[in-house]
Amino acid sequence: MSNEKKILIDSLYINNGGGKEILDLIIHYVYKHNLENYFLFLLDKRYTVPVQPNKKIDFLKTSPSEKGRKNFYKQNKNFKSYFCLSNVPPPIYIDNPCGIYFHNDLFLNPFKSNLGFTMTIKNWIKKTYIISKMNKSYEWCVQTELMKKKLNKVYGIENNKIHVYPIFDSNKIKSKKTNNSFVYVCNSSKHKNHKRLMNAFIIASNKTECKLHLKLTLSDNDFKKSEYNRTNTPHNLLIENIGVVSKEKLSNLYLESKFLIYPSLNESLGLPLIEAVNRGCFIIASNKKYVNEVVNPSIVFNPYSSESISEAIIKSISNKSLKKSELIIENKIDTFVKYLL
């Protein structure tokens, strides 16, 4: 099939995290429904393409840079339509139908994102660049109604140009949990609120005789530099860093943990909230709007207070009839792919 009849899925810059999860799921969906001929994927050279027997998508890998991206667009102006998966509109104006999947809350209000100075400036530059490449004819997709409101307010995009299509793995698995076991699936970014969480676990450990076990998914280097790498923790508190893990190992981590604790200050979706509910975890989370868009948590706390977080930890291990956490959001990958086609 020629490019004139194909849809370009521009996935440059996507190679890890929630963006990679979305891209993986789209490619698996394409395989499953025999849609390989309809798309060409522009991929980051660091991304590993999911493999399926007797299936092959059409893709091109390149270095993640706007210069290379711009050259590609200049040389390939003949696609049926264009869709950018990694928040950023095309580097040149596109006449044909064009959409952008916006899934990074940090590019909305960088100076209110609870990040360090350097990252704040980087995100402000990215936000400025996104604004410079916007066009009223482009359409946008987001994961939640909250993100739709933010995109409308901050970028001034008309509501009828913004579609809500959350994409996530909706498979559910149940298992027997280990008591008093907590997991926080996260990176080391400042807005993930690690300092307050660590202080909260120390406070909680000093208030109970129960053994508390917190598992993390930081890189080894980030863990060594983190708040958690202390020698003076209470005797009944075990902090264990599992490291950056594969999707299969991450699933097992949820399955063996009783609680997902989630003190993050801001998220565009909060994918671990969904993954944890689908693996039978109780959600102990920040009392923030992004949480309430995705799940009904078992317990909420004030993420700006270590004392409040510690009270939620104590309550979670003390309450024998804790309410189950429930998923509110619905996976709309079907609707999303139909929209693309």
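Given the structure is predicted, the values throughout are model-derived calculations rather than measurements.
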[X] side chain to [Y] backbone, donor-acceptor under 3.5 Å:
X	Y	answer
K70	P91	no
N241	L218	yes
R196	Y304	yes
N193	P263	yes
S286	S264	yes
S86	S11	no
S181	T178	yes

Here the pair of heavy atoms bringing Q143 nearest to I22 is NE2-CD1, 3.6 Å
Tell me whether the rings of Y31 and H28 are parallel (<30°), tilted (30 to 60°) or perpendicular (>60°).
perpendicular
### Query
How are the rings of F79 and Y82 set to each other: parallel, tilted or perpendicular (split at 30° and 60°)?
perpendicular
Residues joined to F117 in its hydrophobic cluster, side chain to side chain under 4.5 Å directly or through other members, sorted by chain and number, are F111, I121, W124, I125
Side-chain donor-acceptor pair present, S188, D222, cut-off under 3.5 Å
yes
Point to revise | E66 versus Y13, side-chain donor and acceptor atoms under 3.5 Å | key: yes
So if you build clusters from Ile, Leu, Val, Met, Phe, Trp, Tyr with side-chain heavy-atom gaps below 4.5 Å, do [X] and [Y] land together?
X	Y	result
L273	V164	no
L35	F83	yes
I274	V142	no
I7	F59	yes
I167	Y47	yes

- Item | Side-chain heavy-atom pair I261, I309 within 4.5 angstrom cut-off | yes
Is there a side-chain contact (heavy atoms from CB on, under 4.5 Å) between F259 and I283 once you walk through the steps? CA-CA 6 Å; F259 307 101; I283 307 298; over 6 Å; no
Between [X] and [Y], does the ring centroid distance fall short of 6.0 Å?
X	Y	answer
F182	F201	yes
F336	Y29	no
H194	Y228	yes

Practice item. Apply salt bridge (Lys or Arg N to Asp or Glu O under 4.0 Å) to the pair K192 and E267, showing each step before the final yes or no. Key: CA-CA 9 Å; K192 297 295 184 178; E267 298 286 336; 2.6 Å; yes
Exercise for review: Run the numbers on L60 and F41 for side-chain contact (heavy atoms from CB on, under 4.5 Å), then give the verdict.
Suggested key: CA-CA 6 Å; L60 174 68; F41 289 81; over 6 Å; no
Does a salt bridge link K136 with E158, judged by any charged N lying under 4.0 Å from a carboxylate O? no
Quick one: do D24 and K20 satisfy salt bridge (Lys or Arg N to Asp or Glu O under 4.0 Å)? Show the steps, please.
CA-CA 6 Å; D24 286 348; K20 181 181 181 297; 2.8 Å; yes
Run the numbers on I173 and S251 for side-chain contact (heavy atoms from CB on, under 4.5 Å), then give the verdict. CA-CA 9 Å; I173 308 174; S251 180; 4.2 Å; yes
Item to complete: Find out whether the Lys NZ or Arg CZ of K324 is both under 6.0 angstrom from the six-membered ring centre of F282 and within 45° of the ring's axis.
Response: yes
Salt bridge (Lys or Arg N to Asp or Glu O under 4.0 Å) filter on K258, not counting sequence neighbours, yields none
